[in-house]
2 protein chains.
Amino acid sequence: MSAAADTAERILDAAAELFATHGYAATTTRAIAERAGVNEVTLFRRFENKRGVLHALAERMGRRQAGRAAASAPPTDDVRSTLLGFARMEIASALEEGGLAMRLAFDARSVPEIAELLGEGLPDNLGGLAEYMAERQATGDLRDDIDPRVMAEAFFGLTSSYVMYRQVMGAADVPTDVETDQGIEQLFDLFWSGAAVKERA
Amino acid sequence: MSAAADTAERILDAAAELFATHGYAATTTRAIAERAGVNEVTLFRRFENKRGVLHALAERMGRRQAGRAAASAPPTDDVRSTLLGFARMEIASALEEGGLAMRLAFDARSVPEIAELLGEGLPDNLGGLAEYMAERQATGDLRDDIDPRVMAEAFFGLTSSYVMYRQVMGAADVPTDVETDQGIEQLFDLFWSGAAVKERA
DNA sequence: TGGCGTAGCAAGTGCTTGCTTGCATCCTAG
DNA sequence: CTAGGATGCAAGCAAGCACTTGCTACGCCA
C-alpha cells in the first residue's frame, strides 16, 4: 500500500474506533487525527469534511459487508442452518469495528447526515427476512401462528441483543471467532425451538 | 401544583424529550429552556447544572419505575405469566418518555456522568433475571440445557428489540396500551416456546 | 404597602469545535 | 538531481457551547 493510501486508511481506522465508542457527534476531528498519528490538517486535506470521513467510512463498511456476504455459505434447503448462518453473519457485521454500525444507527436519530447514510439498509433487512420467514411458513418449516414480521423482529432482537450486551453495555466477552462461538448457537437455538414447527415426540 | 414546581417539571419534561431524541451531549440547555417555554437562566437557577437536570430527571424516572413495579402483579407460581408480566413492565419502562432510558444507556459510553448514573441498574437486571431462570430450571419449569445467563440475555433481547424497532428505527407504531398489546405476547410466546420444557404431545 | 421569591432579559466570559491559511519539510518518480 | 505531491506545524477564525452577572418586573402573603 502506498504511503498516501495508508494515511487515509489509518484515519478511517481511528474514526471507526472513536465513532463506535463515543458516537459521531462527540468525536472531534482533532481526536481522530491524534489517534491516527496524523496532523489534523491532513485529515481535512484528505477528506475535506468530517462528513467526508463518515462517507468514506460508510463506503468501506459497505465493501466489507458485501465481501462477507459473498464469502458466506449460500442458502440451502435446511432452514435451520440457513438461519443460523445468517445470524452469525449479522452478528459478525454488528461486532465489526467495535459495534460501529449499531452506534451509528443510534446516532442517526440526532445526526441527519447519518440518517441519510443508513436510511435504507435496516428496514430492508427486516422486510427481506420477514419475506423469507413467510415462505418457510408456507412450506411448513416454520410455525404459521405467528406473524412473520414478529418472527423477523425476534430474530434481529436476538442478534442485536447479543451485540448490545457485549459492545454497548460491555457486560460480556466478545467471542474471538463468531463462526464457532457456542453462545450464538445457544441463543439461536432458543429462537429456533420457539420458531420451528413442533416435532411430535 | 405550585407555579414554581410546575416550571421545574416542565423543564424536566422538555429535557426528557430532547435527551431521548438527540441524546444528552447533543442537547443544549438553550434548547431545553426554549422547549419548556422558560428562560435559559431559569434552568440554571433551578438545577444549577446541565448535570443537575440529568440527575433530577433520573430521580423522577426511578420514582416512576418504582411506582410501576409496585403496581404490577406480584410473581406467582405460574412462570409463564410471571415472565410475560415482567416483559410488559420492561417494555413499558423502556418506552416511557420516548425511549429515554435506552438512549441514555447508549450515551453512557461517551458521557461519564451518565455512566455513573446508570452503572448499576442494568447488569443487576440481567443478573437477577438469570438467577430467577436458574431457579426455575432447578424446579423443572424451564429447560436446563441452556445457560440461564443466555436465557436472560435472550429475554432482554426480545424486549429491547421490541423497543428498538419502534423507538430507535421508527419502524412501527407504538402501541397505545402495552398491557394488552398482542405483538408483545406473540414475541414473548416465541421466547417461551423455546425456553419452556417441551410438553410431550 | 412593602418585602420576598420567582421569573425574564441582555450581555458577556471562557472554552471547544470544525475548518482554514501560510509556510517549511520530506519522499519519491522521472 | 530536481520538481511535485504529501505531510507537518503554528496560528487563527467564527460559531456554538455551558454558565454567569446585573438588573428589572411580576405576584403573593404579612
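Proteins come first, then strands; the chains are lettered A, B, ... in the order of their sequence lines, and each starts at number 1.
One can place CZ of B:Phe44 at 16 Å from C1' of C:dA7, the figure rounded to the nearest angstrom. Here C:dC19 presents its P atom at 13 Å from CZ of A:Phe47, a figure rounded to the nearest Å. Here the C1' atom of nucleotide C:dA7 and the CG atom of B:Leu43 are 13 Å apart, to the nearest Å. Atom pair A:Glu48:CD and C:dC19:P shows a separation of 9 Å (rounding to whole Å applied). Regarding A:Glu113, its CD atom lies at a distance of 11 Å from the P atom of C:dG18, rounded to whole Å. One interatomic measurement links the two molecules: CD of B:Glu9 to P of C:dA7, which rounds to 13 Å at whole-angstrom precision. We find that CD of B:Glu40 is positioned 11 Å from C1' of D:dG16, with the value rounded to whole Å. As a whole-Å value, the separation of B:Leu54 CG from D:dA18 C1' is 15 Å.
Below the 3.5 angstrom threshold, one finds no donor paired with an acceptor across the side chain of A:Arg45 and the base of D:dG5.
No side-chain N or O of B:Ser72 forms a donor-acceptor pair with one of B:Arg88 less than 3.5 Å apart. Side-chain atoms of A:Asp141 and A:Thr139 include a donor-acceptor pair closer than 3.5 Å.
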Intermediate values then yes/no, salt bridge (charged side-chain N to carboxylate O under 4.0 Å, His left out), B:Glu17 and B:Arg103: CA-CA 11 Å; B:Glu17 271 186 65; B:Arg103 176 79 222 204; over 6 Å; no

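Applying a 4.0 Å cut-off to non-hydrogen atoms, the residues of residues 15-38 of chain B that approach DNA chain C are B:Gly37, B:Val38, listed by residue number.
Put simply, A:Arg46 has a side-chain N or O that comes within less than 4.0 Å of OP1 or OP2 on D:dT7. For C:dC19, one of the phosphate oxygens OP1 or OP2 lies less than 4.0 angstrom from a side-chain nitrogen or oxygen of A:Asn49. The phosphate of C:dC9 has OP1 or OP2 within less than 4.0 Å of a side-chain N or O from B:Asn39. Residue B:Thr7 places none of its side-chain N or O atoms closer than 4.0 Å to OP1 or OP2 of C:dT6.
The 12-atom threshold is not exceeded at CG of A:Asp77, counting heavy atoms of other residues, nucleotides or ligands nearer than 6.0 Å.
Listed nucleotides C:dA7, D:dT20, C:dG18 differ in distance to B:Val41; the shortest reach to its side chain belongs to D:dT20.
Ion pairing of A:Arg149 with A:Glu131 is absent here, as no side-chain N (NZ or NE/NH1/NH2) approaches a carboxylate O to less than 4.0 Å. Of the charged side-chain nitrogens involved, none lies within less than 4.0 Å of a carboxylate oxygen, so that A:Arg136 and A:Asp144 do not count as a salt-bridged pair.
B:Leu190 is not listed as a side-chain neighbour of A:Phe155, based on a closest heavy-atom distance of 4.5 Å or more.
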